[in-house]
Amino acid sequence: MTNNQYALGQVASETGVDIVDADGDGIPDTESQIKAAYDYMVEHGIPLNESILAYTPARIRTTLFHDITGVAQDVTVMQVQVPGTREATKVTAARESLEKDLQVLNEAPSISLSGLTGSPFTREASLNATTQALKTALPIAAALCFLVILLVMRSVRFAIVTIIPIGLVVAWLYAFMYLAGFALNWVTATIAAVSIGIGIDYSIHMTQRFREELTRAADRVQALRQAAQGTGIALMASAATSIVGFTIMAFAPMPMFSAYGVLTAVMIFLAASASLLVLPSLLLLVAPARSEGISGFETAGVPARPGPRGDESGAAAQAES
C-alpha cells in the first residue's frame with residue numbers, strides 16, 4: 001500500500017489522512033497513518049488500480065483483525081509453512097524453532113500477547129496431554145485390576161501372576177509399534193488402555209480354569225494340561241475371530257483407522273499369546289503341588305471321584321454339566 005500511489009490516494013480520500021513513508025521502510029511513519037491504512041484495507045481491501053484488487057477485504061481479514069472504533073486490540077496472524085507435519089518429531093522441532101523466533105515479539109513493549117498456534121501444534125499439545133494422562137491411568141488401571149482379581153480369587157500369588165502378562169502385552173505392543181514405524185497419534189496412544197481390558201480377560205479365564213482343574217487333577221501339570229485343552233482352546237478360537245475382524249479393518253481407506261485395525265489385531269494376538277504361553281509357566285511356579293493348598297476355593301459337599309492316579313483328587317468333577 002505504501003508503494004502504490006493509487007492506493008494511497010484512495011486512503012486519503014476515504015479517511016482524510018495522508019500516508020507518508022519518509023524513511024522508506026514500507027511502514028507509515030505515524031500511528032495515525034497506520035490506523036488509517038488499517039481502517040481502509042479491512043473495509044475495501046488493497047487496490048492496485050481502479051479495476052484490480054491486490055487483496056480483497058475477506059483476504060485481509062484472514063490475517064488481520066482490526067476494530068475501527070479502537071476499542072479492541074488489533075490481531076495479526078503471521079503464517080509459515082511447516083513440511084512433514086505427519087511426523088511428531090518434525091512438529092516438535094518446528095515448534096521449538098518458532099518459539100525462539102517469537103521471543104522477539106514477546107519482548108516488544110507494543111505487543112501485549114504473542115503465541116504459536118496451528119493444527120500441527122494443537123495436535124501435538126493434545127497428543128502430549130493424552131499420553132501424559134495414559135501414563136497416569138495405566139498404572140491405576142493395572143492396580144485396580146489387581147485388587148479386583150485379589151478380591152475375587154482371594155489369593156495374592158494368583159492375582160500377581162494373572163496381572164503380569166498384561167504388562168508384557170503393553171511392552172510388546174509398543175515395541176512392535178516402534179519397529180514397524182507406527183507414529184504416535186490419538187489412536188495409537190490409547191491402544192495400551194484397550195490392551196489392558198482385553199488382556200486381563202484372557203488371563204482371568206486361564207487362571208480361574210486352572211484353579212478349578214487343580215482341585216480335581218492329580219497334580220498341577222495335569223491341571224494345566226486340562227485347562228489348556230478346555231479354556232485354552234476356547235481362548236485361541238476367540239482370539240482368532242477377533243484378529244480376523246480387526247485385520248479387515250486394516251484395509252480401511254483412512255490411515256488412522258487402518259493403523260487401529262492392525263495394532264488391535266496384533267494386540268489381541270499378543271494378549272492371547274501371553275495368556276497361553278507366559279501365564280501357564282507362572283501358574284506352575286505359584287500353584288501348590290496338591291489341591292489342598294488352594295485358597296479361596298471350596299470343594300466341600302461335592303463328592304469326590306478317583307483321579308487318573310486312583311486317588312480322590314477329582315473332587316467336584318461330577319458337578320460338571
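The first residue of the sequence shown is numbered 1, and numbering continues consecutively from there.
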May I have all residue pairs that pass ring-ring contact (aromatic ring centres under 6.0 Å, His included) and include part of [range], sequence neighbours excluded?
range	result
residues 45-72	Tyr38-His66
residues 105-125	none
residues 202-258	none
residues 211-241	none

Query raised in the report: Taking only residues two or more places apart in sequence or in another chain, which ones pass salt bridge (Lys or Arg N to Asp or Glu O under 4.0 Å) with Glu14?
Result: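 Counting only residues at least two positions away or on another chain, Glu14 forms no salt bridge (Lys or Arg N to Asp or Glu O under 4.0 Å).
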Pair listing, side chain to side chain donor-acceptor pair (under 3.5 Å) test, anchored in [range], at least two apart:
range	answer
residues 104-122	Gln73-Ser112, Asn106-Ser114
residues 237-251	none
residues 251-267	none
residues 162-178	Thr162-Thr207

Query raised in the report: Is the shortest heavy-atom distance from the side chain of Met177 to the side chain of Ile191 under 4.5 Å?
Result: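 Contact flag for Met177/Ile191 side chains = yes.
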Okay, side chain of [X], backbone of [Y]: is any donor-acceptor separation there less than 3.5 Å?
X	Y	result
Asn4	Pro47	yes
Gln33	Asp29	yes
Thr131	Leu127	yes

Just distance, no hydrogens or angles: give the donor-acceptor pairs under 3.5 Å from side chains in residues 16-28, sequence neighbours left out.
residue: Asp21; atom: OD1; partner: Gly24; partner atom: N; Å: 3.2
residue: Asp21; atom: OD1; partner: Asp25; partner atom: N; Å: 3.3
residue: Asp21; atom: OD2; partner: Gly26; partner atom: N; Å: 2.9
residue: Asp23; atom: OD1; partner: Asp25; partner atom: N; Å: 3.4
residue: Asp25; atom: OD1; partner: Ile27; partner atom: N; Å: 3.0

Query raised in the report: Pairs in or reaching into residues 48-61: which pass salt bridge (charged side-chain N to carboxylate O under 4.0 Å, His left out), with residues at least two apart or in two chains?
Result: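 For residues 48-61, and leaving out neighbouring residues, there are no salt bridge (charged side-chain N to carboxylate O under 4.0 Å, His left out) pairs at all.
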**Report entry** Pairs touching residues 109-131 that satisfy salt bridge (charged side-chain N to carboxylate O under 4.0 Å, His left out), sequence neighbours left out
**Finding:**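 Pairs touching residues 109-131 that pass the test: Arg95-Glu124.
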Requested in this report: Determine whether more than 12 heavy atoms belonging to other residues, nucleotides or ligands lie under 6.0 Å from atom CE of Met249.
Outcome: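 More than 12 heavy atoms, drawn from other residues, nucleotides or ligands, come within 6.0 Å of this atom.
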